[in-house]
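This report concerns only the one structure given below.
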Amino acid sequence: MNKFKAIIGGTGFKNLTGNFTPRTMATAYGSTTIYIGEDANDGLIFLPRHGANHTLPPHRINYRANIRALADLGVDKIIGIATVGSTNKNVPPGTVVNLSQFIDLTHGRPSTFFDGEDDQVAHADVTNPYCPVLRARLQAGAPAYELDPKPEGVYVCAEGPRLETAAEIRWIGHMGGDVVGMTGVPEAPLAREAGLCYASLALVVNWGAGIQGDHLDMEQMREMQNLVRDRVLRLARAVLLSQDKWDHCRCGTALLKP
Ligand code: HPA
């Protein structure tokens, strides 16, 4: 079966060249709108994480509907693109990070497909929450798009929508976080629960609060994002549509059922 591949992006899907047709998908968790690629983008789906009109704040995104809709359509591989702030002095704005781990500081978000309602208890193995095969492909493919992603990085997911205090950023750095964002969780673990391969490229658009200066500047964040966004999207598209045979990974068998 010719499976679909998907890019989940915060903004910027209009910058993916080619035609995409919107389709609203109903799922057991609510509905979501996805965009199905045509012609050169055949087999590719784009899902704008914040909704078709960018109206959903991070804590209101229906992550379960998004991942369930992609799984229902037969998607087997997802690349999530996220913008983040840096909490690591060695990871300046402009850096792209090929995420390797996350720490979840969110609270109150519906974050599992297994909440016991169907008498089903299951635990996803997220020792390595991002697909190693997809991560390797992203890393290997990056130079062709003049990108040099940091090959590993720990993403800390804050609840938002407010940004962090300077003390929180210091704390996140001490706990081992390299970057901080608001949307990577539960997106990544839900993909794992659904048995899908998921990797994520994080675009560092600012220093975390208090690292430099006494306020954050939205205009600077936008500029930083524009700097790499198109190349990151093109890399994600090329990796997903590559005809090379995919190596084996364990993402499809990571659900432990007692
Ligand atoms: N904190 C949280 N999320 C973000 C940031 C940040 O500094 N920058 C972009 N997304």
Side-chain angles (χ1 to χ4, degrees), residues 1-9 27-29 43-45 47 49 63-82 96-106 109-116 118-142 149-157 176-179 181 183-202 232 235-258:
M1 179 181 155
N2 184 22
K3 299 239 182 185
F4 280 114
K5 321 287 175 198
I7 296 175
I8 303 181
T27 78
Y29 302 96
L44 192 65
I45 289 175
L47 196 163
R49 192 184 277 125
Y63 297 95
R64 292 195 298 184
N66 288 351
I67 298 296
R68 179 49 58 203
L70 296 179
D72 287 351
L73 276 165
V75 166
D76 65 346
K77 292 182 170 50
I78 302 173
I79 295 174
I81 298 173
V96 175
V97 186
N98 190 353
L99 297 178
S100 53
Q101 288 287 325
F102 70 70
I103 296 173
D104 182 11
L105 298 183
T106 67
R109 298 182 182 187
S111 60
T112 179
F113 294 123
F114 295 97
D115 54 13
D118 298 331
D119 292 333
Q120 282 209 55
V121 175
H123 307 283
D125 180 351
V126 287
T127 309
N128 290 301
Y130 303 99
C131 173
V133 174
L134 263 185
R135 292 186 63 244
R137 287 285 181 95
L138 285 169
Q139 204 64 31
K150 206 174 167 326
E152 294 186 345
V154 179
Y155 175 99
V156 174
C157 196
D178 296 306
V179 295
T183 56
V185 184
E187 193 169 278
L190 282 169
R192 180 60 56 82
E193 281 193 353
L196 312 182
C197 296
Y198 179 97
S200 183
L201 291 175
V232 165
L235 167 63
R237 173 187 179 280
V239 164
L240 291 173
L241 292 184
S242 152
Q243 295 299 313
D244 296 349
K245 192 176 175 310
W246 292 94
D247 290 336
H248 175 74
C249 65
R250 305 164 70 98
C251 302
T253 54
L255 211 53
L256 311 181
K257 295 188 176 168

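Index from 1, following the sequence.
Taking each heavy atom of Val97 and Gly153 in turn, the nearest pair found is CG1-CA, 3.7 Å. The two residues Phe102 and Ala188 come nearest to each other via the heavy atoms CE2-CB, 4.2 Å. Between Ala142 and Pro149, the shortest heavy-atom contact is CB-CD, 3.3 Å. In this structure, Ile78 and Ala191 approach most closely via the heavy-atom pair CD1-CB, 4.5 Å. The minimum heavy-atom distance linking Ala82 with Thr183 is given by the pair CB-OG1, 4.5 Å.
If you take CG on Leu240 and CZ on Phe4, they are separated by 13.0 Å, rounding to the nearest 0.5 Å. In this structure, Lys3 NZ and Cys197 SG are separated by 10.0 Å, a value rounded to the nearest 0.5 Å. Between the NE2 atom in His248 and the OG1 atom in Thr253 there is a gap of 6.0 Å [rounded to 0.5 Å]. Summarising the geometry, atom CZ belonging to Arg192 is positioned 10.0 Å from atom CG belonging to Leu196; distances are rounded to the nearest 0.5 Å. In this structure, CG on Asp244 lies 10.0 Å from CG on Asp247, to the nearest 0.5 angstrom. Note that CG of Leu235 is 9.0 Å distant from CD1 of Ile7, once rounded to the nearest 0.5 Å.
The main-chain N or O of Val185 is found under 3.5 Å from a side-chain atom of Arg109 such that the two form a donor-acceptor pair. Checking side-chain atoms of Ser200 against main-chain N and O of Gly80 turns up a donor-acceptor pair under 3.5 Å. Under a 3.5 Å cut-off, the side chain of Arg135 and the backbone N or O of Tyr130 do not form any donor-acceptor pair.
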>> Using side chain to side chain contact (heavy atoms under 4.5 Å, CB included), reason through Val156 and Val179 one step at a time and then give a plain yes or no.
In response: CA-CA 6 Å; Val156 174; Val179 295; over 6 Å; no
>> Please evaluate residues Arg68 and Leu70 with respect to the criterion side chain to side chain contact (heavy atoms under 4.5 Å, CB included), reporting the C-alpha separation (whole Å), side-chain torsions for both, the decisive distance (0.1 Å), and the verdict.
In response: CA-CA 5 Å; Arg68 179 49 58 203; Leu70 296 179; over 6 Å; no
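Under the 4.5 Å side-chain criterion, counting only non-hydrogen atoms from C-beta, Asn66 is not in contact with Thr27. Between Arg250 and Asn128 the shortest side-chain heavy-atom distance does not fall below 4.5 Å. Residues Lys77 and Cys131 have side chains not in contact (no heavy-atom distance under 4.5 Å, counting atoms from C-beta outward). Within the 4.5 Å cutoff, the side chain of Tyr155 has no heavy atoms near those of the Asp104 side chain. For the pair Ile81/Ile8, no side-chain contact is recorded, criterion being any heavy-atom separation below 4.5 Å from C-beta on. When side chains are defined from C-beta on, Asp178 does not count as touching Leu99, because their heavy atoms never get closer than 4.5 Å. You'll find the side chain of Trp246 reaches within 4.5 Å of the side chain of Arg137, heavy atoms only. Using a 4.5 Å heavy-atom threshold, the side chains of Lys257 and Leu255 count as touching.
Taking the six-membered ring for Trp, Phe113 and Tyr29 have ring centres closer than 6.0 Å.
For Thr112, the side-chain hydrogen bond (donor to acceptor under 3.5 Å, both in side chains) test picks out Glu193, with sequence neighbours left out. When the side-chain hydrogen bond (donor to acceptor under 3.5 Å, both in side chains) test is applied to Glu187, the partners found at least two apart in sequence or on another chain are Arg49, Tyr198.
Arg64 has a carboxylate O that lies under 4.0 Å from a charged side-chain N of Asp115, or vice versa, which qualifies the two as a salt bridge.
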